[in-house]
Amino acid sequence: MNMKINQVTIDALASLCKRRGFIFQNSEIYGGINGFWDYGPLGVELKRNIKDSWWQSVVQWRDDVVGLDAATIMHPRVWEASGHLDGFTDPMVDCRQCKGRFRADLLLEDQGIELETGSTAEKNLKLPANAKCPTCGARDLTEPRAFNLMFKTFIGPVADDTSAAYLRPETAQGIFVNFDNVLSVARKKIPFGIAQIGKAFRNEINPRNYTFRSREFEQMELEFFIKPGTDADWHAYWVKERLDWYERIGLARANLDQYEYGKDELAHYASACVDILYRFPFGLQELEGIAARGNYDLSRHREFSGKSLEYFDQETGERYLPHVVEPSAGVDRIALAVLCEAYTVEWIPKEDTEGDIRPAEPGEKVPSGYEERVVMKFAPRLAPYKAAVFPLLKNRPELVKTARSIYDQIKKRWPAFYDQTGAIGRRYRRQDEIGTPFGITVDFQSLEDDTVTLRHRDSMKQDRVGIPELPGILAEKIDE
RNA sequence: GCGGGCGUAGCUUAGUGGUAAAGCUCUAGCCUUCCAAGCUAGCUACGCGGGUUCGAUUCCCGCCGCCCGCUCCA
């Protein structure tokens, strides 16, 4: 089950993603920019399918969750209330000798000296000359740098502190600040949730591992508001719900894992947190965190905004600040996991060779009588194109005409691809490499009996099916 | 951010102080009755900037980017 994961390297995957148009480096013609990535024609389809599937399972198919789409820039006070502004502005210094890193304020406090502050606007902090490294004692520290992981911007034409704002580092706060608004229009009673998909921005110190840690990324977050005291049950419920979803989109259970935070690792307001992890080529890494956050966020916004934000239960007459369970997932990380999971190298027997398709052995040469293929085994519902339609030969107008009309019919319902160029085998392989689950080929028999061949990506086997039956067959296999 | 490695076409590689080669891919055409066949033609590259030099892809410096380790990870 894990073989394919051992096979794929991030380099090989990144190469395919660029070659076929899943993912490009942002601003590549200018030399690229660290931590930003663009999704090409196939990547955008894949990502949208992931988001659609999440939205279906979390919003559309449920009666107790509604959606939201908040702006990426919010009132700066939001980030004071959320704790992001204070939490991420610690001035840090590095020791050039022992490579240690320390918070400048704590380090100097220990040594009984204070930071020299320059202009307050930009926090130009200077280190006194007598400061030394607490680990090795060397007086060879870098100047303090403020590690604010939020991107700062300015509202209006004047760039000064009174107009400062931040690009949101998470989508969740847009939900909390709209809690009252949604409550008053959605006709929902607790327990109910508000879901949002959107961009978030973090000025990561060190983006790494391809798209895994990017500075601009997309989140899918749900805030599920609950009655105080029911936290543990709802938390367990959402952990299971979310794990099931990951399996449904095609991630092997064997490559998924969960990490339960110990009491000492939890934020002070949280009662539970579970990370859902995926076995990436670069290690077991987080796709989603599911946290029981109590009423921390709403209580902070109550404090900072002066609004009550309480919920009144008409049946019991109780008034309370709801608690919340927050499943928070990274779309780009999930897309990367799906790409890793799908990437498969196989050895397939040539025409005169007896044998079955088998997984390639990493580092081994292709055995004689076999040839190699790369195939992206996406779950059909996630595949960028659901079907490709081919005339067997392009220099036979009647084949071309029939193929085009089938394509025109299919593309109204699913993303599809039409290709009449080159040998049929080449066209099949090209679709294998972008994960198209079905190939539909119009041949001479089609002209006689209105059937086509339906070729399956993973097995490479073909069925003969009637043209009128195609939509039904595809629907069944795609939505499975 | 620190240390190390790397940067030639879409990909994988070759090569040179006198502006560069190949395979695969890709595009067009021919051919082709089901799995990357064949033939013909074509597009496309020395990451960016500066320096040395008559001349730099090559040597030097800076920057950017990628990979690995450390660090960080709300």
Side-chain angles (χ1 to χ4, degrees), chain A residues 9-12 14-21 24-36 40 79 82-90 92-103 140-145 147-150 168-170 172-173 200 202-210 212-213 267 270 273 275 281-282 285-286 289 291 293 326 328 348-351 357 371-375 390-396 399 420-433 439-447 452-457 459-462 464:
Chain A
T9 65
I10 277 294
D11 285 347
S15 173
L16 182 142
C17 285
K18 181 180 182 186
R19 188 169 70 247
R20 292 305 190 188
F24 304 125
Q25 189 173 26
N26 175 267
S27 307
E28 190 184 342
I29 63 170
Y30 288 99
I33 179 167
N34 189 299
F36 298 90
W79 308 114
S82 71
H84 287 84
L85 200 51
D86 284 344
F88 307 140
T89 50
D90 305 327
M92 306 291 286
V93 298
D94 292 318
C95 174
R96 293 192 184 90
Q97 296 298 318
C98 70
K99 310 303 178 195
R101 169 171 292 168
F102 317 95
R103 268 179 63 177
D140 193 10
L141 299 170
T142 61
E143 285 303 321
R145 288 176 296 261
F147 272 50
N148 189 337
L149 297 189
M150 284 197 293
R168 65 183 177 193
E170 62 176 28
Q173 298 305 323
R202 297 181 191 179
N203 208 350
E204 298 287 354
I205 298 166
N206 192 359
R208 272 289 167 89
N209 292 328
Y210 198 29
F212 183 82
R213 180 173 292 128
C273 187
D275 283 347
F282 45 82
Q285 296 280 343
E286 178 188 350
R293 298 174 61 83
E326 176 192 84
S328 170
I348 56 183
K350 290 182 179 170
E351 214 169 337
I357 300 174
E371 57 186 351
E372 193 168 273
R373 77 159 177 166
V374 173
V375 52
F390 317 113
L392 184 59
L393 301 174
K394 75 169 170 187
N395 56 2
R396 300 289 196 284
L399 296 182
Q420 62 179 33
T421 308
I424 189 70
R426 174 180 298 270
R427 287 178 265 164
Y428 284 143
R429 296 300 176 76
R430 234 188 318 240
Q431 295 302 316
D432 287 344
E433 213 182 24
I440 296 162
T441 302
V442 174
D443 58 16
F444 290 95
Q445 189 182 332
S446 307
L447 305 175
V452 291
T453 60
L454 182 65
R455 185 259 194 187
H456 300 267
R457 175 194 67 198
S459 66
M460 301 175 71
K461 297 227 163 70
Q462 300 181 62
R464 188 105 214 156

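A note on names: the letters A, B, ... follow the listed sequences, proteins ahead of strands, and every chain is numbered from 1.
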Please confirm whether any donor atom in the side chain of A:Glu204 sits under 3.5 Å from an acceptor in the base of B:rC73, or the reverse.
no
Map A:Glu372 and A:Glu170 onto RNA chain B by nearest heavy atom, then report which one ends up closer to the 5' terminus.
A:Glu372
Compute whether any side-chain donor of one residue and acceptor of the other, for A:Ser82 and A:Gln173, lie under 3.5 angstrom apart.
no
d(NZ, A:Lys350; P, B:rC34) in whole Å
19 Å
Report yes if some heavy atom in the side chain of A:Val452 is under 4.5 Å from a heavy atom in the side chain of A:Ser446; otherwise report no.
yes
N/O to N/O distances under 3.5 Å, protein versus nucleotides 30-32 of chain B:
none

For B:rU25 and A:Arg429 - does any side-chain N or O of the residue sit under 4.0 Å from the phosphate oxygens OP1/OP2?
no
Please tell me if A:Arg457 has a side-chain N or O lying less than 4.0 Å from either OP1 or OP2 of B:rC35.
no
Taking the side chain as every heavy atom from C-beta outward, state whether A:Arg213 and A:Arg202 have any atom pair closer than 4.5 Å.
no
Going by side-chain contact (heavy atoms from CB on, under 4.5 Å), name the residues that satisfy it together with A:Asn26, two or more places apart in sequence or in a different chain.
A:Ile33, A:Phe36, A:Asp38
Using the ring pair (Phe, Tyr, Trp, His ring centres under 6.0 Å) criterion, which residues pair with A:Phe212? Sequence neighbours excluded.
A:Phe280, A:Phe282
In whole Å, what separates the P atom of B:rA41 from that of B:rA56?
35 Å
Expressed in angstrom and rounded to an integer, what is the separation of A:Asp432 atom CG from B:rC35 atom C1'?
8 Å
Any heavy-atom pair between the side chains of A:Asp443 and A:Arg464 that's under 4.5 Å?
yes
Between B:rA36 and B:rU71, how far is it from one C1' atom to the other, in whole Å?
45 Å
Determine: side-chain N/O of A:Arg426 to OP1/OP2 of B:rC26, distance under 4.0 Å, yes or no.
yes
Please determine whether any donor N or O and acceptor N or O are separated by less than 3.5 Å between the side chain of A:Ser15 and the base of B:rC11.
no
Mind checking the C1' distance from B:rU58 to B:rG51? Whole angstroms is fine.
15 Å
From the list B:rU33, B:rC11, B:rC35, which nucleotide is the closest neighbour of the side chain of A:Gln462?
B:rC35
Can you measure A:Arg430 atom CZ to B:rG10 atom C1' for me and round it to whole angstrom units?
14 Å
Just the rounded figure in Å: distance from P of B:rA36 to CZ of A:Phe390.
13 Å
Under a 4.0 Å heavy-atom criterion, the protein footprint on nucleotides 61-69 of chain B, written with B, S and -, is ---SSSSBB
When both hydrogen-bonding distances must be under 3.5 Å and the geometry is Watson-Crick or G-U wobble, what is B:rU27 paired with, if anything?
B:rA41
Taking all atoms of both residues into account, what is the closest heavy-atom pair of A:Pro207 and A:Asn34, and its distance?
CG-OD1, 2.9 Å
Expressed as a whole number of angstroms, how long is the span from A:Leu149:CG to B:rC72:C1'?
9 Å
Minimum heavy-atom separation for A:Val375 to A:Arg457, with atom names?
CG2-CG, 3.6 Å
Minimum-distance nucleotide (side-chain atoms of A:Thr421 versus B:rA28, B:rC35, B:rC72)
B:rA28
Looking at A:Arg373, I'd like to know whether one of its side-chain N or O atoms comes within less than 4.0 Å of OP1 or OP2 on B:rA36.
no
Could you list all N or O pairs between the protein and nucleotides 40-46 of chain B that sit under 3.5 Å apart?
none

Contact nearer the 5' end of RNA chain B, comparing A:Lys18 with A:Arg464
A:Lys18
Rounded to the Å, how far apart are A:His456 NE2 and B:rC34 C1'?
14 Å
Rounded to whole Å, CZ of A:Arg202 lies from C1' of B:rC72 at a distance of 13 Å
If I pick the C1' atom on B:rC26 and the same atom on B:rA45, what distance separates them, to the nearest angstrom?
15 Å
With sequence neighbours left out, the residues meeting side-chain contact (heavy atoms from CB on, under 4.5 Å) with A:Ala291 are A:Cys273, A:Arg293
Among A:Ile424, A:Asp432, A:Ile440, side chain to side chain contact (heavy atoms under 4.5 Å, CB included) partner for A:Arg455:
A:Asp432
